[in-house]
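Here is the structure we will look at, set down as structure tokens.
Atoms within each ligand, like the ligands themselves, are counted from 1 in listed order.
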Amino acid sequence: MKPAVFLDRDGTIIEDVNYLAALDRIAWYPWSIDAIRALNAAGFPVVVVTNQSGVARRYFTEAFVQDVHRALDVHLAAGGARIDAYYYCPHHPEGEAPEYRRACDCRKPSRGLVERAARELDLDTSRSFVVGDSWRDVGLARAVGARGILVRTGCGAAEEGRPHDGVAPDAVVDNLAAAASWILMHR
Ligand SMILES: [Mg+2]
Ligand SMILES: [Zn+2]
């Protein structure tokens, strides 16, 4: 079993535009590709885990979420970087769409997405890292026994100022580039 790096998507790899519902709204942070390539080179599977409640809210479809991930892959490949797998939660307990309206076990900070990835990709979560801009990402790290890194991009700077009980991150860093450096030093 291998350790992995689990990355949040919005506010961590790309800008959080508050429900990304059109491909032309994808806005990359300028360091993301280099950071992901460094994690690839270090041998970590890099796995995106993302809450996409916009599906349950009917802002976009699951097919659109997959289109976004294909668009990310094209851009990453052009920069010699790779995301090994994407896992997303389309649910929300108050969603408009009945088929997605539920209290699921995969919406972060619940463990479902990481557990599925660990099973399918043979990952050791206890030696893994979770990087994200929300207390939900840090809570996910705690829930699966991984180390959690809060980035100050997206909602992260605001999150840093209002810590949630019991979900202290292992590190708070400026962005994904700094998170990748931290991981390489603390592997
Ligand atoms: Mg986020
Ligand atoms: Zn879910």
Side-chain angles (χ1 to χ4, degrees), residues 5-21 25-32 35-36 39 46-66 68-69 71-72 83 85-120 129-144 146-164 167 169-180 182-183:
V5 177
F6 295 96
L7 299 180
D8 171 53
R9 194 189 83 182
D10 304 332
T12 301
I13 299 172
I14 56 175
E15 286 182 30
D16 186 343
V17 297
N18 195 21
Y19 300 106
L20 176 65
R25 299 206 68 206
I26 295 173
W28 285 85
Y29 293 121
W31 47 78
S32 291
I36 292 168
L39 295 170
V46 177
V47 179
V48 165
V49 288
T50 177
N51 286 349
Q52 293 298 326
S53 69
V55 175
R57 300 176 203 272
R58 293 197 207 275
Y59 297 161
F60 45 78
T61 63
E62 282 201 62
F64 174 77
V65 174
Q66 290 157 15
V68 170
H69 296 165
L72 299 186
I83 286 170
Y86 295 84
Y87 293 86
Y88 62 89
C89 165
H91 309 113
H92 194 272
E94 284 135 44
E96 286 284 306
E99 65 272 37
Y100 296 110
R101 187 191 308 133
R102 76 178 76 127
C104 62
D105 70 353
C106 55
R107 179 171 166 78
K108 299 181 292 184
S110 294
R111 296 190 299 247
L113 298 180
V114 164
E115 285 180 341
R116 201 187 314 157
R119 208 163 48 236
E120 292 177 359
F129 301 84
V130 179
V131 182
D133 68 316
S134 164
W135 68 270
R136 290 192 179 86
D137 300 300
V138 179
L140 171 66
R142 290 282 89 84
V144 300
R147 279 179 281 180
I149 303 165
L150 182 72
V151 289
R152 295 191 179 98
T153 49
C155 309
E159 293 284 72
E160 185 183 8
R162 45 164 203 259
H164 290 252
V167 291
D170 294 280
V172 183
V173 299
D174 281 347
N175 57 41
L176 182 57
W182 193 91
I183 289 167

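A heavy-atom distance below 4.5 Å is not found between the side chains of Glu159 and Val167.
Here the N, O or S atom of Asp10 that is nearest to the Mg ion (ligand 1) is O.
Of the possible polar contacts, none joining the Ser53 side chain to the His92 backbone as a donor-acceptor pair under 3.5 Å is found.
Protein N/O/S atoms nearer than 2.8 Å to the Zn ion (ligand 2) total 4.
A salt bridge does not link Arg101 to Glu96: none of the charged side-chain nitrogens sits closer than 4.0 Å to a carboxylate oxygen. Remark: Lys108 engages Asp137 in a salt bridge, criterion side-chain N to carboxylate O under 4.0 Å.
The OD2 atom of Asp8 and the OD1 atom of Asp133 meet at the Mg ion (ligand 1) at an angle of about 80°, given to 10°.
Between the side chains of Glu62 and Tyr88, at least one donor N or O sits under 3.5 Å from an acceptor N or O. Looking only at atom types and distance, the side chain of Arg57 has a donor-acceptor partner in the side chain of Tyr19 under 3.5 Å away.
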I'd like to know whether His91 forms a side-chain hydrogen bond (donor to acceptor under 3.5 Å, both in side chains) with Arg107, so could you lay out the CA-CA distance, the side-chain angles of the two residues, the decisive distance to 0.1 Å, and finally the verdict.
CA-CA 7 Å; His91 309 113; Arg107 179 171 166 78; over 6 Å; no
